[in-house]
Enquirer: 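I'd like to ask you about the structure that follows.
The first residue of the sequence shown is numbered 1, and numbering continues consecutively from there.
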Amino acid sequence: MNQITDKIQHFFERQAFGVCTHLGEKLGVATSSIRLFFIYTSFITFGSPLIVYLSLAFVMNMRKHLRKRKPIWDY
């Protein structure tokens with residue numbers, strides 16, 4: 001049973017968007033505390049923090065792609 005939970009944990013750590021880690025670094029809070037906050041509020045409010053999490057992941061992904069753009073005058 002422990003092996004299954006390790007596989008699930010590894011999958012989510014590999015596939016996660018890094019939102020909790022990024023927020024933890026910016027706010028100076030432990031990443032595990034932020035993850036627990038998202039999990040508990042998702043159960044209490046029936047998944048609405050999941051929408052916030054996914055929107056933050058989208059914004060972080062867009063910012064990453066916008067930073068990689070090269071200026072026009074470099075061509």
Side-chain angles (χ1 to χ4, degrees):
M1 186 69 173
N2 193 17
Q3 195 175 35
I4 294 172
T5 57
D6 288 341
K7 286 182 181 181
I8 292 171
Q9 181 182 1
H10 181 67
F11 172 77
F12 279 111
E13 286 177 355
R14 224 176 353 117
Q15 300 296 327
F17 299 109
V19 174
C20 295
T21 306
H22 185 73
L23 283 175
E25 290 173 357
K26 289 287 185 179
L27 299 175
V29 179
T31 305
S32 59
S33 299
I34 295 174
R35 286 185 183 132
L36 285 175
F37 172 77
F38 271 114
I39 291 169
Y40 290 149
T41 54
S42 293
F43 283 125
I44 292 171
T45 60
F46 302 112
S48 61
L50 186 63
I51 296 168
V52 173
Y53 183 87
L54 291 175
S55 62
L56 286 171
F58 177 75
V59 168
M60 285 175 49
N61 194 19
M62 292 306 294
R63 290 179 73 198
K64 182 173 58 173
H65 287 296
L66 289 176
R67 288 182 189 157
K68 289 184 180 179
R69 276 188 1 191
K70 292 185 178 183
I72 296 172
W73 51 83
D74 281 352
Y75 289 105

Enquirer: Name all residues meeting the ring pair (Phe, Tyr, Trp, His ring centres under 6.0 Å) criterion together with F38; count only those two or more places apart in sequence or in a different chain, and write none if there are none.
Expert: Y53

Enquirer: Please report, to 0.1 Å, the donor-acceptor pairs under 3.5 Å made by any side chain of residues 18-27, with sequence neighbours excluded.
Expert:
none

Enquirer: Verify the cluster assignment for L36 and L56: are they in a single hydrophobic cluster under the rule of side-chain heavy atoms below 4.5 Å apart?
Expert: no

Enquirer: Under 4.5 Å between side-chain heavy atoms, counting indirect links through other Ile/Leu/Val/Met/Phe/Trp/Tyr residues: same cluster for Y40 and L54 or not?
Expert: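 They do not share one cluster, since no chain of ILVMFWY contacts under 4.5 Å joins Y40 to L54.
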
Enquirer: Apply side-chain contact (heavy atoms from CB on, under 4.5 Å) to S55 and list each qualifying residue two or more places apart in sequence or on a separate chain.
Expert: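 If we apply the side-chain contact (heavy atoms from CB on, under 4.5 Å) test to S55, skipping adjacent residues, there are no hits.
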
Enquirer: Quick check: is I34 connected to L50 through a chain of hydrophobic side chains (ILVMFWY, heavy atoms under 4.5 Å apart)?
Expert: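 Same hydrophobic cluster.
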
Enquirer: Would you please name every residue forming a side-chain hydrogen bond (donor to acceptor under 3.5 Å, both in side chains) with S48, sequence neighbours left out?
Expert: T45

